[in-house]
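Notes to accompany the following structure.
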Amino acid sequence: MSTASASVQQHQRATGPHPFQDPGLPLAARVEDLLGRLTPEERIALLHQYAPAVPRLGLGPFRTGTEALHGVGWLGVATVFPQAVGLGATWDEELCREVAAATGTELRAFHHHRTPAAGAGRHSLQAWAPVVNLLRDPRWGRNEEGYAEDPLLTARLGAAYCRGMAGDHPDRLRTAPILKHFLAYNNEDDRCTTSSGLRPRVLQEYDLAAFRTGLVSGSATGVMLAYNLVNGRPCHVSPLVESELRRWAAPTGHELFVVSDAEAPSNLVDPEQYFDDHAASHAAALRAGVDSFTDHGEDSGVTIGRITEALQRGLLTGADVDRAVRRQLSIRFRLGEFDPGLDPYADTPWEVVDSPGHRALALRAATGAVVLLKNEGGALPLGPSGGRRIAVVGPLADTLCEDWYSGTMPYRITVAEGLRAGSGEVVCSEGVDRITLTSSTTGGQLAVPDGDPDGAVHALGSSAFDLFDWGGGILTLRHAANGKFLSLRDADASLRADQVEPNGWDVHETFRLELQPDGSELLRNVSSRRYAAVDPASGAVAVTVVDPAEAERWTRGVLRDGTADALAAVRGADTAIVVLGNNPLINGRETQDRESTALVPEQESLLRAVAAECPNTVLVLMSSYPCAVDWADRHLPAVVWTSHGGQETGRAVAAVLRGGAEPSGRLPQTWYRADDPLPERLDYDIISAGWTYQYHRAEPLYPFGHGLSYTSVSYDGLRLDSDSCAQDGTVVISATLTNNGPRTGRETVQLYVRALDARYQAPLLKLADYHKVTLAPGEQQIVRFELSAAEALAHWDVGTDAFTVDPGRYEILVGRSAASLPLAAPLTVTGPAPSPRAVLGRRILAVDFDDCAGLTLVDAARDTGDAVTPTADAELSAAVFRSADLGDGGPLLLRVEVSRTGAGSAELELRIGGSPAARVTVPSTGGRYAWTSVTVPVRADLRGVQDLRFLLRGEQRFAAFTLIPEPIESDGHAGK
């Protein structure tokens, strides 16, 4: 009998029928008792995102998931903090924890004091945040949601955010944070059907590393699975959920609660076509570890029906269902649902939302996120502003944007407003054209009806619109009179200038003006892809036309030239602050990757014109991602970056520009140059592709960790307490920092390591630790790091399937960025040299190669295992296994595990020491999972330590090989 069952029976004898209601019992006992009281039908119903109430047991309805990425999202007015990439730029774990605690506290207020318009019960306390996907490719549409390209920085900031969300109580949760999105998710285009190829080293050293810290520490309570596939297998049926995630979390005493992403369970059949039917796919997902299905919105009937069918067909057992329900109930107990009188967070008042303390924290976070990228000739800070005239220009000069995961900002302090709060004259121009559009049918202009500013526009009046060009031909039109954006109304296909800003899943506020040969233009809505047409009689405008030949022709009139207006504002100014960047809901967002890192051409043109007029021009880039601002770096005295920083962005930026705050932000990503040919966006092998500061060899525009200060901090006195250590040893590292400037500064001291003469392709640099240090003028401070060799110097050894620290020479480097490391010292790691790879008689997985060319990683079976296959159109497909020990010689056989879907045959050749050693004819097996073993003799004169090279010719899958000193029979085994 289990401990939980014994506790329940003891309670029943002592107090009565509902042990789960007794807070004195152990959590496991309460969960087990409640689970046992649910009917099979009730248990199945709990597997959907919208779990119904069970009134007879006092269970209320329960919904998994509330967005809380940088403040409470989607529920209304709430404190909005900087985007996650901005929080990443702070490199400040304590600040991230405080932001998360404030977000969790406001989420508690919504839970206790606001009722959802629809759905289950109260607003959920399960927080779908933070996102710890690594920012491998800066073109990712969701770049704003992650913290950094580096796994250590991402993991530490993510764990800190989880701690803040979860709270400090030993047994109760403030909220239940969920890490998103597992695994290797860094592209939006075709995200539900693309596969991220992860060889074991990349998997273990990079992508898994971002999740490990939050789970091992217990700060995260769950994980959301990603839309994409990894090595050909959808993440929602990944064996890594059990073999890695839950294994890490097990010592914490709490199991992870794993949720699906929205509609992803249905994607397993369509569009992924990975399973033949939904009952089979849902069964596989539940067995793989999914505990809650976010699918078909609030309609739980579809999920219930599919799981019920899976049970009837024997694809699932009741134990599979119980396991998932048990995990959900555990979270609900920890959130205080069944003990409201003992919930330390139950009395959270509504007044915490947008409280003065949270406003102050929003300002502190926004200030910490500002990064000074360039500053020559003392251009910044602006200094005393008495009598100074500042021109603030650009499309984001007097605008703040929300993003898809924002709450509604309670107020907005723009950059122009922030600067106006200081002394001196501040003039502002958005630098955008003000236009009219005249109908060829009516002769009237596209106009908002008089007396009804939110009414349907027509083509009989006169109105002006401010045109914001976001690049790629995408623009927004803001009504000059009411300040609201033109938007498509789905219900009647009308256009109305009634939106404060672009918004929503389907952004209805973006348009194209398509130039025609006669000089007229067609107005096309981007979301619907339809054109505007005008009714000749009424002048009504409707976006209904598919054929451009039937669309209305418009003539553009320019009432105000945006560049000319900006130049007029700049003339006579001491300084021009040009605020450029992106709108987070346009040209790079969820479901859409960016085409390049280039700045919008129209913005670049405006910047150059302003700089020609005013040499003292400062670029403030407000963006969700890096931009290739090469021209600005070459020609402007100062460049500043901030993410979209929430309600206090303008006050924070102004404080840094004027010198009231120190620029303490540091880049969490490499900013590549415009002419740097980035790797193919779906190449997730950061090692061979050359992604991130760890492997990218070209000089960046701005390196990872970069950020300037207004003071001058020198680094010297690097010391190691020993110049050698064992493979499992530690080294204490210290360096002396001195503030030689006149201002207090905040330095982010970064510790990097690299292996010298490595037997594997080692990172050029690897972040091992960092500290933020505040130094008063003239202050000297010794910064200490304790480096664990097993953590900082380890790599994944494909020969032993484990993390390994090789003995040999390493270098310890300390400085202010990946490209500014003034201090370096050698370190020797002692210990036994690595043995050659043992291969004789061992089954070696094909994916455990040391190097490869022209290969794609694929699934060996639907539920587990990986294999390799030649990449389409590859000139050469090869896998290399280095330093294989072939022993003292003697006859060998090669057994390979292969499959082939097509007719005929293909060839697999083994070369040893550069010479052909064996050839295998790969027969057709009739299916990708229909594996067979083929055994052939190996050339007899081979011995010693050799490199093995497999060449794959023709369509085939290769799962594993064995070199056998003596014959054995084939068993057809593969995929494990």
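Residue numbers start at 1 and run along the sequence shown.
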Quick one: does R434's side chain have a donor or acceptor within less than 3.5 Å of a partner on V432's backbone? no
Please check if atom CG in D190 has more than 12 non-hydrogen atoms from other residues, nucleotides or ligands closer than 6.0 Å. no
Can you list the steps and then say if T670 with E149 is a side-chain hydrogen bond (donor to acceptor under 3.5 Å, both in side chains)? CA-CA 8 Å; T670 302; E149 69 182 35; 2.8 Å; yes
Any chance CG of D450 has more than 12 other-residue heavy atoms, nucleotides or ligands included, within less than 6.0 Å? no
Are any side-chain N or O atoms of D593 and backbone N or O atoms of G141, one a donor and one an acceptor, separated by less than 3.5 Å? yes
With the threshold set at 4.0 Å, does a side-chain nitrogen-carboxylate oxygen contact exist between R489 and D498? yes
Quick one: which of D137, T194, N186, N187 gives a side chain to side chain donor-acceptor pair (under 3.5 Å) with Y684? N187
Within the side chain of N228, is there an N or O that forms a donor-acceptor pair under 3.5 Å with the backbone of L183? yes
When L580, N582, D630 are each screened for side-chain contact (heavy atoms from CB on, under 4.5 Å) with L599, the one that passes is L580
So, using side-chain hydrogen bond (donor to acceptor under 3.5 Å, both in side chains) as the criterion, who are the partners of E188 when residues are at least two apart? W140, Y185, R191
Restricting to salt bridge (charged side-chain N to carboxylate O under 4.0 Å, His left out), what partner residues turn up for R560, sequence neighbours left out? D466
Side-chain donor or acceptor of D299 paired with backbone N/O of G297 under 3.5 Å: no
When you measure from the side chain of S463 to the backbone of V448, do you find a donor-acceptor pair of N or O atoms at a distance under 3.5 Å? yes
Evaluate the side-chain proximity of R136 to P679: yes if any heavy-atom separation is below 4.5 Å, no if none is. no
Dump the intermediate steps for side-chain hydrogen bond (donor to acceptor under 3.5 Å, both in side chains) on D506 and S527, then the final yes or no. CA-CA 6 Å; D506 296 312; S527 175; 4.9 Å; no
Please check if the side chain of D454 supplies one atom and the backbone of R496 the other of a donor-acceptor pair under 3.5 Å. no
Side-chain donor or acceptor of S439 paired with backbone N/O of G444 under 3.5 Å: no
Can you tell me how far apart CG (N525) and OH (Y531) are? Round to the nearest 0.5 Å. 11.5 Å
Is it true that atom CD of E263 has more than 12 heavy atoms of other residues, nucleotides or ligands lying nearer than 6.0 Å? yes
Positive for side-chain contact (heavy atoms from CB on, under 4.5 Å) with E145, one of Q83, R589, H181, H70: H181
Applying the side-chain contact (heavy atoms from CB on, under 4.5 Å) criterion to L585, which one of V507, T476, T510 satisfies it? V507
Would the distance check show the side chain of D469 and the main-chain N or O of E602 forming a donor-acceptor pair, the cut-off being under 3.5 Å? no
